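Read the structure below first, then the notes.
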Amino acid sequence: MVQSLIDSPANLNGSDQLPDHAVEVRNLVKVYGHGETSKLALKGLNLDIPRGSIFGLLGPNGAGKSTLINIMAGLVLKTSGSVSVWGRDVTSDPRGAKAAIGVVPQELNLDPFFTPRELLDVQAGMFGVPRAQRRTMEILEMVGLADKADAYARALSGGMRRRLLVAKAMVHSPPVLVLDEPTAGVDVELRRQLWEQVLLLNARGVTILLTTHYLEEAEQLCDRIAIIDQGQLLACDTKDNLLNKLESKRLVITVEYLPNPLPEPLSKFQIRIVGPDQLEADCAHGDGSAMAVLDGIRAAGLTIRDISTQEAGLEDLFLRLTSHKEST
Ligand SMILES: Nc1ncnc2c1ncn2[C@@H]1O[C@H](COP(=O)(O)OP(=O)(O)O)[C@@H](O)[C@H]1O
Ligand SMILES: [Mg+2]
């Protein structure tokens, strides 16, 4: 029964030709407002989201994640550049692009007086899904809300509402499902349920794009990850490649006495002062650079009291890439 939900991704184009990229973003610029108060939210973004992937979009608040998602969904107008969803350009074929994408918004914006069944019917009507083709109960079953089909939305728990929003985003069987910070403020059990659904949909052929602050989740769930900050792409790669790049070791070195600034010979190393007697150095994996750093520190006349290493994870990269946000 749920199986039929995946018919559409393959059939949406009316041919067997599937796009390699579920979403393509080219030189995308977004300026909100005019004049002095204008805000450059996206600064020429390029991004390909492979069909069938679970793609994670990471970035701090204000990075431009929702702006990007809303442009894809036809909810916000771009300033320049291009975006296509499932091969349909959002500007020249807005209806086609909209039909290919379902968005679960950040806010739980549900009309409390609709029942899940009514809500999905209204949504299906909005997308022009003919009555005979509606799969209201099937979708409610998929998100585990079949027994709540006729309950008022206000009677649903937060978790149920979130699942109802997933159902709402899926009424027109889009091949691309976007979840904007779906687990912000959501408890552990609900998060698990939500990920189960996401994985299920993905296994059935739906391309998933999600934004999240939970880096562990991106590590667990996504096969590709892009990091954006201040409207710019900082990194985009497979999860494995990103993690491999991060195989670099971080050395934390405690010294007897730490001169500030550091002796000049140490400027050729990537060394930072992180405490009254502590230094931090990033060293590539297995290339001897860790030894070079330690030798350099000793040669500069410092006495090393302790050394520890820290494997850098994705979270670490993320923090490093975006840490300037915290200092402003
Ligand atoms: N409607 C709007 N009008 C003006 N500025 C906006 C609007 N929406 C977002 N912005 C600004 O654009 C930037 C990106 O916002 P947003 O896309 O919501 O980021 P994120 O989702 O990553 O937190 C922020 O600086 C935000 O203040
Ligand atoms: Mg947002």
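Keep in mind the model is a prediction, meaning the values are calculated, not measured. Counting starts at 1 for both ligands and their atoms, following the listed order.
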Can you pull the residues with any heavy atom under 4.0 Å from ligand 1?
->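 For ligand 1, the residues that come within the 4.0 Å heavy-atom cutoff are Y32, K39, A41, P60, N61, G62, A63, G64, K65, S66, T67.
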Any N/O/S atom, backbone or side chain, of S66 lying under 2.8 Å from the Mg ion (ligand 2)?
->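 Short answer: yes, at least one N, O or S atom is under the cut-off.
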Is it true that [Y] and [X] share a donor-acceptor pair across their side chains at a distance under 3.5 Å?
{"X": "S173", "Y": "R135", "answer": "yes"}
{"X": "T254", "Y": "D277", "answer": "no"}
{"X": "T67", "Y": "Y32", "answer": "yes"}

Between R134 (side chain) and V129 (backbone), is there a donor-acceptor pair under 3.5 Å?
->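 Side chain of R134 to backbone of V129, a donor-acceptor pair under 3.5 Å: yes, one is there.
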Determine, stepwise, if the pair K78 / T91 fulfils side chain to side chain donor-acceptor pair (under 3.5 Å).
-> CA-CA 9 Å; K78 69 186 180 192; T91 306; 2.7 Å; yes
Roughly how far, to the nearest 0.5 Å, is CG of D240 from CD1 of I225?
->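 Nearest 0.5 Å value for the CD1-CG distance: 9.0 Å.
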